[in-house]
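First the structure, in the form of structure tokens, and then the observations on it.
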Amino acid sequence: MGLYLLAPALNLLIENNKKRHSQIVIGLFLLELFYDFLSPSEPLFKAGYSTMHFVLLYMIARYVKLYGVFSFVRKWSFCLFLLTVVGGTVVQFIGIQHGIASIFWIGVYSSPVVVFAALCLLLSFLKLNLQNNFVNKVAVASFAVYLLHTNPLVLSDYFMKGAIEIYHNSVGFIYLICICLYMIAWYVLAIVVDFVRQFVWCQLSPLIENLYEKRKLD
């Protein structure tokens, strides 16, 4: 909601001004890097769970849409995505084996590693130019995945609890399979819930509009 409210002002601030746009992106990125990622204590960006982080993502995405990225990044986006994800995972695994608890910070939403991987994945999908109705519907509903698993009523008692249980009850390749299936299950659940929400809203919205129009006439 905070991003929706700020978006018009952000658009006016960067309108037709590439230099200012890039300065804002770099400034926000450095602020997040040093204040949140490198010194994670009550961060302003809250490890990515904040309006400030969404503002940064919005500014990056809009910059890429307006001005593009380096041709090397666009051409090899999927390879860079895989390299970043695998590299980040290996570093985390080594850190866990050596008892470095802070290594988990590589995987938070505000991590430069995660932001870059997400950007590369986005660029990879832009190349596909999919025209499938079902895929488009799932894409529209995908934000529900974030909203569901980060909800305070869900995150600690259900999502994290289940992930920790899988971590303690499986090892090696079995753990990798289980945690991937677990994440896919949450993704499917969130999409189904959002489909239900959309269906209910489509049924209720005409009734609400008719009621509003009726009261306005009265």
Side-chain angles (χ1 to χ4, degrees), residues 1-70 72-74 76-96 100-126 142-152 154-156 159-160 163 183 190:
M1 290 299 295
L3 178 59
Y4 282 129
L5 293 173
L6 290 172
L10 293 171
N11 291 336
L12 286 174
L13 182 64
I14 62 177
E15 188 175 17
N16 300 321
N17 195 323
K18 183 178 180 180
K19 183 178 180 180
R20 183 187 297 165
H21 195 158
S22 60
Q23 288 174 341
I24 293 173
V25 169
I26 293 171
L28 285 173
F29 181 80
L30 291 175
L31 178 63
E32 183 171 82
L33 176 66
F34 289 104
Y35 185 70
D36 182 61
F37 182 66
L38 298 180
S39 57
S41 57
E42 293 299 325
L44 175 66
F45 291 86
K46 297 181 180 178
Y49 298 92
S50 70
T51 300
M52 286 292 289
H53 182 66
F54 272 91
V55 167
L56 173 60
L57 295 180
Y58 177 79
M59 298 295 279
I60 293 174
R62 188 155 179 79
Y63 185 92
V64 171
K65 182 179 180 180
L66 293 174
Y67 309 112
V69 295
F70 294 115
F72 175 81
V73 176
R74 183 175 292 277
W76 299 99
S77 55
F78 189 69
C79 292
L80 290 172
F81 165 73
L82 291 177
L83 182 64
T84 305
V85 171
V86 172
T89 303
V90 170
V91 171
Q92 282 187 299
F93 179 77
I94 294 174
I96 292 171
I100 306 173
S102 59
I103 203 68
F104 282 108
W105 213 249
I106 291 178
V108 301
Y109 285 122
S110 61
S111 165
V113 177
V114 173
V115 173
F116 181 71
L119 176 60
C120 289
L121 185 61
L122 174 63
L123 293 173
S124 300
F125 273 97
L126 289 177
S142 61
F143 187 55
V145 180
Y146 177 87
L147 295 178
L148 178 65
H149 92 271
T150 59
N151 188 294
V154 176
L155 181 61
S156 299
F159 181 77
M160 290 298 297
M183 290 188 291

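Below, all heavy atoms of this structure are taken into account, side chains as well, without hydrogens, waters or symmetry copies.
A donor atom on one side chain and an acceptor atom on the other are found under 3.5 Å apart for Y58 and N11.
Side-chain contact check for L13 versus H21: every heavy-atom pair is 4.5 Å or farther apart. Between V108 and V114 the shortest side-chain heavy-atom distance does not fall below 4.5 Å. With contacts defined as side-chain heavy-atom distances shorter than 4.5 Å, the pair K18/L66 does not qualify. Under the 4.5 Å side-chain criterion, counting only non-hydrogen atoms from C-beta, I26 is in contact with L30. With contacts defined as side-chain heavy-atom distances shorter than 4.5 Å, the pair H53/E32 qualifies. By the 4.5 Å heavy-atom criterion applied to side chains, F29 and P112 are counted as neighbours.
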Might you work through the side chain to side chain contact (heavy atoms under 4.5 Å, CB included) test for L10 and I14, ending with a clear yes or no?
CA-CA 6 Å; L10 293 171; I14 62 177; 5.5 Å; no

For the pair F81 and F125, evaluate ring pair (Phe, Tyr, Trp, His ring centres under 6.0 Å) and give the outcome as yes or no after the intermediate values.
CA-CA 11 Å; F81 165 73; F125 273 97; 8.8 Å; no

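Expressed to the nearest 0.5 Å, how far NZ of K65 lies from CG of L126 amounts to 10.0 Å. Taking CZ of R74 as the start and CG of L119 as the end, the distance is 9.0 Å to the nearest 0.5 Å. Taken to the nearest 0.5 Å, the CD1 atom of I24 stands 11.5 Å off from the CG atom of L56. Of the inter-residue distances, the one linking L123 atom CG with L80 atom CG reads 9.5 Å to the nearest 0.5 angstrom. Of the inter-residue distances, the one linking F78 atom CZ with S124 atom OG reads 6.5 Å to the nearest 0.5 angstrom. A distance of 11.5 Å separates CG of L57 from CE of M59, quoted to the nearest 0.5 Å.
For F70, the CZ atom is loosely surrounded, since the number of other residues' heavy atoms within 6.0 Å does not exceed 12.
The two atoms that bring V145 and A190 nearest to each other are CA-CB, 3.5 Å, heavy atoms only.
The side chain to side chain donor-acceptor pair (under 3.5 Å) search around Y109 returns H149, not counting sequence neighbours.
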